[in-house]
There are 2 protein chains.
Amino acid sequence: MTRSAKTPTMIDVAQRAGVSPMTVSRAFKRDASVSDDTRRKIHAAAEALGYVFDSTASNLRSQKTGFLAVIIPSLNNANFADTVGAMTTQLRDSDLQILLGYTDYDIEEEERLVEQFLRRRPEAIVVTGGKHTGRTRRLLQNAGIPVVETWDLPEDPIDNVVGFSNAAAVGQMVDHFVARGLTRIGFIGGDEASDTRGFDRRRGFVAAMRAHGLTADRLIAGGPPPVMMREGAQAMADMLTRWPDVQAAICVSDLSGFGALTECQRRGIAVPGDISIGGFGAYDISAQCLPTLTTIDAFSSEIGRATGQLVDELLRNPARDRPAPQRIMVHPRLVVRGSG
Amino acid sequence: MTRSAKTPTMIDVAQRAGVSPMTVSRAFKRDASVSDDTRRKIHAAAEALGYVFDSTASNLRSQKTGFLAVIIPSLNNANFADTVGAMTTQLRDSDLQILLGYTDYDIEEEERLVEQFLRRRPEAIVVTGGKHTGRTRRLLQNAGIPVVETWDLPEDPIDNVVGFSNAAAVGQMVDHFVARGLTRIGFIGGDEASDTRGFDRRRGFVAAMRAHGLTADRLIAGGPPPVMMREGAQAMADMLTRWPDVQAAICVSDLSGFGALTECQRRGIAVPGDISIGGFGAYDISAQCLPTLTTIDAFSSEIGRATGQLVDELLRNPARDRPAPQRIMVHPRLVVRGSG
DNA sequence: ACTTGCCATGTTAACGATAACATAAGCAAA
DNA sequence: TTTGCTTATGTTATCGTTAACATGGCAAGT
């Protein structure tokens, strides 16, 4: 074979198999009508030539890319990774290819990503959260494809929503601690507006405390997201310094919750004897640490599964007759464990 | 505006701006020569029409997609997530778009992914590990694009490599424990061949033990990957049952290491007093738990950075005059901490 | 035998951008 | 003034596939 001849195309395959290029094209589709005999011949020819189907051309001509754009704040966050994982699983048989991007919790970066992704002509786009720049909203609204906002319940959704109220979820945990007779409860994290969901959780904490007639001023900063274990430990140290009488600490995530827990242990403070601790997210670690961590399971996987299913359904109908925007609620569950 | 008129193309923008489509095309490139005045006019027209550049067409005509295919075993693994994160950062200014896929530690799934990705005509492809199906190897070799195998040192590389020896890394840890006078050392995990790197770590454990003249039969299965905290705890329980005299346990990852640690704590076994524990991967948790976990830092981020840089360099030259395949070594470092 | 209709296949043109080449204008050097 | 070179722009054809339409053959229905 002459080396470095160009990459073979359908035309080459067609010639070798003695059919027209169109038939080759059909042979590479699932449902197209091609006789078994011809199909075999074509695949043999393709294999022999080392032909690899070119989606690039297919995408252009058919005006379908098979891309699903998905934007999450951070790859390195098990919750979002779970969501994306479940979405992938759900979409396994729908030949959609996920185009994954992450914003580092920055809506300007999100704007850049959305713009970049829309150039690839995805068939739908999934974003995390409901807070976006004006330009992002405009781009998404005009893209003419289904949009799904996840992990949140925006007041004014762009299109579809699969999410839950972060504020209400934390409210459940406050109720739980109060029911156990604790009143001096603090919150760690959620101080940076850029972490929209963390911010909402803190809001939910304050609201729930007030609803119980309790003061909600034991608030400790966790710093800019991602709030990790180390920051949680530091925050707990601050908490103990400023409010030594604190009876419970609710953390913006299990990671900071675990950090807070270890800080208590380093200081010989008993958990939950002296202080109760709550986290958020049902990360693996919350089920494995000692004591296990009371947390809120937001069902990250379910969000991904439901989003995948929704996208799949939406794309099944032609754009013309798609149902009205949906608002799918996921219901976070308080998981009471050893830490309080 | 007439609703649902088709998505505008460059032709529409060109007409509105009073120039030719070619000029519009140039105005959307960075380095093309277009007068400032014209460029402004064109961008204004594009904005007014809500025009969004169509990469799909551009890709076909220019035979460049700007895609970099990256395949990792699992999204939900902080090490690989770090690698991908660092790669993204490194490639920020190179307008390459990462096409991310994960195999769930299954080389058949890898084959499917490689095939799927190659259809998208990526400009380079990064895979994790050096073990692939025959067809995968063939596909990668014939793809005519740079290939990088990472996180491993394959004996017979397909093309470029950015990695390290998992076996040798674990050897360092064995040496460390032996130097501390421990001889009855066990290994947790790495029993499943599908987790190539885990398997290599176990091999490295056995080899290093033998090199010290010690028996290397204290091997506990961790089960199929991903080996998480829970499996580590179970494995430690098994270890203590079968070899109650064990002095140290080296775990295939920090996650199982942490699980092992908590299991000891649940049983009142002092770490490192009664048993030393070592992990792998320098996950956040290893620095935060109590006691902190001795581990091996494989520099996941550095792997990503170096890979990104390599790809960038390779793609800078035309295919014709690319340097010979490179083999970039990363040197894992033993991080001695509280657990032994 | 003659529609009717389906199935397998072929022909033609187009998806939307841009490579490659062409040209006009401007300006510096000779 | 002429030549040469750069800069800004236009023209034409094409990237590889497939939508849309066309066709021939063969089976079933009347």
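Side-chain atoms are counted along with the backbone in the values below, which use heavy atoms only and exclude waters and symmetry mates.
Taking atom CZ of residue A:Arg39 and atom P of nucleotide C:dA8, one finds them 10 Å apart after rounding to whole Å. For the pair A:Ile11 CD1 and D:dT17 C1', the computed distance is 9 Å after rounding to whole Å. A straight line from NZ of B:Lys64 to P of D:dG16 spans 16 Å, rounded to a whole angstrom. Rounding to whole angstrom units, CZ of residue A:Arg120 and C1' of C:dG16 are separated by 15 Å. Between the CG atom of A:Leu60 and the P atom of D:dT14 there is a distance of 17 Å, given to the nearest Å. In this entry the distance linking CG of B:Asn59 with P of C:dA19 reads 12 Å, nearest Å. In this entry the distance linking CD1 of A:Ile42 with P of D:dT18 reads 12 Å, nearest Å. The NZ-C1' distance, from B:Lys29 to D:dT9, rounds to 17 Å in whole Å.
In this structure, B:Asp152 does not pair ionically with B:Lys131, as no charged nitrogen and carboxylate oxygen lie closer than 4.0 Å. Electrostatic pairing of A:Arg119 and B:Asp54 does not count as a salt bridge here, judged by no charged N lying under 4.0 Å from a carboxylate O. Comment: A:Asp82 does not engage A:Arg305 in a salt bridge, judged by the lack of any side-chain N to carboxylate O separation of less than 4.0 angstrom.
Phosphate contact (OP1/OP2 of C:dG16, side-chain N/O of A:Gln63, threshold under 4.0 Å): present. Contact annotation: A:Ser33 side-chain N/O to C:dA8 OP1/OP2 distance is under 4.0 Å. In this structure, B:Thr9 does not reach the C:dG16 phosphate: none of its side-chain N or O atoms is under 4.0 Å from OP1 or OP2. Between B:Ser58 and C:dT18, a side-chain N or O to OP1/OP2 separation shorter than 4.0 Å is present. An OP1 or OP2 oxygen of C:dG10 is reached within less than 4.0 angstrom by a side-chain nitrogen or oxygen of A:Thr23. Within the structure, every side-chain polar atom (N or O) of A:Ser35 is placed at least 4.0 Å from both OP1 and OP2 of C:dA8.
Between the side chain of A:Arg61 and the base of C:dG16, no donor-acceptor pair of N or O atoms lies under 3.5 Å.
If you run salt bridge (Lys or Arg N to Asp or Glu O under 4.0 Å) between B:Arg112 and each of B:Glu109, B:Glu115, B:Glu108, only B:Glu109 comes through.
In terms of position along DNA chain D, the nucleotide closest to B:Arg26 lies nearer the 5' end than the nucleotide closest to the other residue of the pair B:Arg26 and B:Arg121. Projected onto DNA chain D by closest heavy-atom contact, A:Ala57 and B:Ser20 fall at different nucleotides, the more 5' of which corresponds to B:Ser20.
In this structure, A:Arg120 is positioned above the aromatic face of B:Phe67, its NZ or CZ under 6.0 Å from the six-membered ring centre and within 45° of the axis.
Residue-level contact check: A:Thr56 touches neither bases nor backbone, having no heavy atom under 4.0 Å from any strand. Residue contacts shown for B:Tyr51 are limited to sugar-phosphate atoms, with no base heavy atom under 4.0 Å away.
Of the listed nucleotides (C:dT18, C:dA17, D:dG16), C:dT18 has the atom at the smallest distance from the side chain of B:Met22. The side chain of A:Thr38 has C:dA8 as its nearest neighbour among D:dA20, C:dA8, C:dA17. Checked against C:dG10, C:dA17, C:dT18, the side chain of A:Val19 finds its nearest nucleotide in C:dG10.
Ring geometry for B:Phe28 versus B:Phe53: interplanar angle of 30 to 60°, hence tilted.
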